[in-house]
Number of protein chains: 2
Amino acid sequence: MEPHLLRTFVTVADCGSFSAAAEQLGYTQSAVSQHIAALESDLGTPLLHRRPVAPTASGERLLEHAGPILLRLEAARADVRRTVAGPPSVLALAAAPLAADRLATALVAVRRSHPGTEVSLTVCGREQVVEAVATGEFALGLVDGIAAPSDPLRLSDAVRLRTSPIAHDDLVVALPNDHPLAHRRGLSLDDLTDARWIDAPDAAVPLASLRAATRAGGLRPALTCSGTDVHTLLALVAAGHGLAVLPQSIGAPGVTGVPLTAPRLVHRIELLHGLLSEPAAAALAAVLSDRE
Amino acid sequence: MEPHLLRTFVTVADCGSFSAAAEQLGYTQSAVSQHIAALESDLGTPLLHRRPVAPTASGERLLEHAGPILLRLEAARADVRRTVAGPPSVLALAAAPLAADRLATALVAVRRSHPGTEVSLTVCGREQVVEAVATGEFALGLVDGIAAPSDPLRLSDAVRLRTSPIAHDDLVVALPNDHPLAHRRGLSLDDLTDARWIDAPDAAVPLASLRAATRAGGLRPALTCSGTDVHTLLALVAAGHGLAVLPQSIGAPGVTGVPLTAPRLVHRIELLHGLLSEPAAAALAAVLSDRE
DNA sequence: GGCTATTACGGAAATCGTAACCATG
DNA sequence: CATGGTTACGATTTCCGTAATAGCC
């Protein structure tokens, strides 16, 4: 179970194709085939169905482990590298788009207390925030998600990272102003399972999260929007392409937010970090955490 | 960072010697030297001081990751293997000695509800319980430890395992009956830092745990006792070789348990398990958890 | 000088690419 | 029959053991 074999395995499972994975990894199809064969012979069981390529039951189990293991390896390498490189010169921050605005205000205080600090902020999807904080690429990250009012966020536990709650907010269904439901005082997801939805997993609450939080089926996306641009998503909503669930604080002209009353869910923002060896990062974490 | 290099690295760090690690792993000294050199060149930094062999600062960081990574790899392999092997024929249980007696009573109910079940119980040290449950060698494990009254047990988070509290108990300082302090109503650790202690990390509360739970220094062991035999430990205490901290429920003729009043700590037993695919294991887990 | 890590070197094994092969949709 | 995974095979590299070398108590 060498790491590079695991890596090609997850890539193949991800691509659903040996040749696509080969291209993505810079191997030949033959090498990829040999990698999978080596893994399967090592574990003594088929891991992938061929034609079409899909994980077997055993493959599914391995997939659950492989990602976290590879991430942990990356984190270990980065951790060691950091001891030799010394503290970085820029304070590198990552945030999911619906969490990023928290940084804007908190950074003001840090700018004042640590005037020389150069700051870099990357807005990207939630998984990428978790991964990049885990590998130490960023000192600090903010992620968001939905949960029952009393629950913390359920983050992928690939690597043990320190987390602390930063803020929470109610959820609304975003509708065009002229939508027939826009005047409602509240909406239940159960009434909206057959509505036209926009799935923008990195710019709004992912439909998958909503599905997981409800028993209700449905919630099929009429339009899928990738990328982290909330602005564009709001424009799509305003233009009537479909609905999206967002935290109450996000809005735009042309879009009405109607409180989501059932199921009872809240939007949460959590801070994610590793060791905080830099004083500026520690100070920022303190400022962010104190807000709660 | 191939796993076999990491394995060699942790072994060398553990042994404090290249040649000892080589023997333990079935390599030659030369191979071990090459492994370490490969790792160091890969990470671009020395990981070990030589003569005497000890981890560098970078090496310390790597050590923190390497163990969990290797364990997780083992767990992944075992997990996949289990999908092909099907459910095992014997219900394999592991327990730390101070937690094992909980199994005795709980197993009676399972024996009744699952009459055909063959059971194997292994009593071993806490780390081994965690490792072996993580790799699926055992379906279920019981571990014990100390914590503040409101806290859960702090287990090594190498692999994400399901845990649930089973029981808790007060702590006592075990003394020979004729010890001058044996008539006391309570004792504080602070008064005992300079006493003669027996450190039996796998048969009593480890001194290291006590040190971690207090600010007080001291607690130097006058005698170190390895192995999981609580009976022998109690004999050593009765013979006046030194003191040990145990849960209140453990006792023997010749040994007096005086409540440990400060710091406020309790002895906890927690259940540890993976997926519980076997009905008998699930039933046992249910019985154990219901006791709380 | 003894113990122990490092380096040099060679044989065995593994890795990956080219190319031929084969199976499925 | 075409797309795409498998197998055969060979060049290159890697890996590990033997043995000689070097460094610290």
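The chains referred to below are lettered A, B, ... by the order of the sequence lines, with proteins before strands, and numbering in each begins at 1.
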| query | In whole angstroms, how far is the P atom of D:dG17 from the CG atom of B:L25? | reply | 11 Å
Protein-nucleotides 18-24 of chain C N/O pairs under 3.5 Å:
unit_1	atom_1	unit_2	atom_2	d
C:dT18	O4	A:S30	OG	3.0

| By side chain to side chain contact (heavy atoms under 4.5 Å, CB included), which residues pair with B:E278, not counting sequence neighbours? | B:P88, B:L91, B:A139, B:A281
| field | Below 4.0 Å: OP1/OP2 of C:dA5 and any side-chain N or O of B:S19 | value | yes
| message | So that I can tick it off, tell me whether A:E40 and A:R50 are bridged by a salt bridge, with the cut-off set at under 4.0 angstrom between side-chain N and carboxylate O. | response | yes
| task | May I ask you to say what A:H35 touches in the nucleic acid, namely base, sugar-phosphate or nothing, with a heavy-atom cut-off under 4.0 Å? | result | sugar-phosphate
| Just how far, in rounded Å, is P of D:dT14 from NE2 of B:H4? | 12 Å
| Comparing B:S33 and A:L5 on DNA chain C - which has the more 5′ nearest nucleotide | B:S33
| message | Can you confirm whether the side chains of B:S30 and B:Q34 place a donor and an acceptor under 3.5 Å from each other? | response | yes
| query | Could you state the OH-P distance from B:Y27 to C:dT4, rounded to the nearest angstrom? | reply | 21 Å
| field | Any side-chain donor near an acceptor of the partner, A:H241 and A:R196, under 3.5 Å | value | no
| field | Length of the line joining B:E2:CD and C:dT15:C1', which is rounded to integer Å | value | 12 Å
| said: Distance check needed: D:dT14 P versus B:D42 CG, whole Å only. | reply: 13 Å
| field | Whole-Å distance separating the CZ atom of B:F18 from the C1' atom of D:dG23 | value | 13 Å
For residues 3-11 of chain B, run the donor-acceptor check on the side chains, cut-off 3.5 Å, and write out each pair with its distance to 0.1 Å, sequence neighbours left out.
unit_1	atom_1	unit_2	atom_2	d
B:T8	OG1	B:H4	O	2.9
B:T8	OG1	B:H35	ND1	2.8
B:T11	OG1	B:R7	O	2.7

| said: I'd like to know if A:D199 pairs up with A:R220 as an ion pair, taking the criterion as any Lys NZ or Arg NE/NH1/NH2 lying under 4.0 Å from an Asp or Glu carboxylate oxygen. | reply: no
| task | Rounded to the nearest angstrom, tell me the gap between atom CD1 in B:I36 and atom P in D:dC15. | result | 14 Å
